[in-house]
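Written out below as structure tokens is the structure these notes cover.
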Amino acid sequence: MPELPEVETVKNFLNLHLLKSTILWAKIENKKLRYEIPPQICKILINSRITKITRRGKYLIFLLNNKFAILCHLGMTGCFRLSTKSKKRKHDHLFIGIKKKQIIFNDIRKFGFIKLYKASEIFTCPHLKKIGPEPLSENFNISYLEKNKSKKVSVKSFLMNQNNVAGLGNIYCSEILFDSGIHPEKNFVKLKPEEYEKILKSTTKILNQAIEKGGTTIKDYNISDEKIGYFKNKLKVYDRNGMACYRCKKNINIKKIFQNGRSTFYCVKCQK
DNA sequence: AGGGCTACCTGTACGC
DNA sequence: TGCGTACAGGTAGCCC
């Protein structure tokens, strides 16, 4: 579910509803996630205010007005919902109460996590220290890609690695490479300058379109009743194995392969 | 050092 | 209907 556009959407949603609200209560319902939810988190949250929620790659960062910060990763199935009712759902992990409503972190597969840091240390924590540039920032540019020419990996593996560029995942890598017309198994070092340019251009285009649509929903992922996740209708290759390519219109040109244990979709005619 | 593979966990879809 | 298997958008830590 959550790659950069989805996390960006969640961030915007949380900022809209939680900013400047005082947290009145907090409760850990199920501490078990990728890492155990720190037990002292409730005490630190209560009576604090969220000054800002930001995003770095696929990570959410909650800055509090008490010199603490919370780092959150949604994993595969993590999501936040806002509710005025106190009804619990299966796989709810953390409840945060604000005036008349509560925000709830739910995660079916428990690959997500919620960690606590001092605000001054959060951006240098092990999770964020080594990750690559934001793909929509000016730091993700042609000279950055050229500098990384030593990387002996396929272009898809390169884009998937968070230390190379932060926030791209399995869906958007397939989509970006389809848009670029580049074969996902092509060695990154063998790309020509014009192919680097294509990747940069397609990355900006695809991510901006997806953010505009509120991200991609494939399963039943949603936030509260917000109308988000409509990028699914815009996917050109992902999950289209054995179907006709939208670009070359030939039959059965979309193929599914596996790279590093993950599925990749591409057009055998359009991507070289 | 830097890649590749596997584990982590639950739900769903599909074949028999 | 039920059971077994494969697969699902994530990272991290091990192994080579």
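Every heavy atom of this structure was used, including side-chain atoms; hydrogens, water molecules and symmetry mates were not. To find a chain, count down the sequence lines: A is the first, B the second, and so on, and within it residues start at 1. None of these values were measured; they are calculated from a predicted model.
- Base-pairing analysis of DNA chain B finds the following stems of at least three consecutive Watson-Crick or G-U pairs, with both pairing distances under 3.5 Å: B:2-8 with C:10-16, B:10-16 with C:2-8.
- Note: Phe188(A) and Tyr196(A) meet the aromatic proximity criterion, with ring centroids under 6.0 Å apart.
- Using a 4.0 Å heavy-atom criterion, one finds that Gly261(A) contacts no nucleic acid atom at all.
- The phosphate of dG10(C) has OP1 or OP2 within less than 4.0 Å of a side-chain N or O from Lys58(A).
- Using P as the reference atom, dT6(B) and dA6(C) are 14 Å apart when rounded to the nearest Å.
- Grouping Ile, Leu, Val, Met, Phe, Trp and Tyr residues whose side-chain heavy atoms lie under 4.5 Å apart, directly or via other members, places Tyr266(A) in a hydrophobic cluster with Ile257(A), Val268(A).
- A cation-pi arrangement is present between Arg240(A) and Tyr246(A), with the terminal nitrogen or guanidinium carbon under 6.0 Å from the aromatic centre and inside a 45° cone about the axis.
- In this pair, Phe111(A) lays its aromatic ring flat on the base of dC8(B), centres within 5.5 Å and planes under 30 degrees apart.
- A salt bridge links Glu134(A) with Arg56(A); the closest basic N to acidic carboxylate O contact falls under 4.0 Å.
- In terms of polar N and O atoms assigned as donor or acceptor, the side chain of Arg34(A) never comes within less than 3.5 Å of the base of dA12(C) in a complementary pairing.
- Under the 4.0 Å criterion applied to side-chain N and carboxylate O atoms, Arg81(A) and Asp92(A) are assigned as salt-bridge partners.
- For the pair Arg89(A) CZ and dT10(B) P, the computed distance is 19 Å after rounding to whole Å.
- Among the protein residues, Phe158(A) comes within range of no part of the nucleic acid, since none of its heavy atoms lies under 4.0 Å from any strand.
- Comparing the same atom, P, in dC3(C) and in dC9(B) gives a spacing of 23 Å after rounding to whole Å.
- The side chain of His73(A) lies closest to dT11(C) when the candidates are dG4(B), dG11(B), dT11(C).
- The distance between atom CZ of Arg262(A) and atom P of dG3(B), rounded to the nearest whole Å, is 18 Å.
- Each of dT10(B), dA12(C), dA8(C) was ranked by its minimum atom distance to the side chain of His127(A); first place goes to dA12(C).
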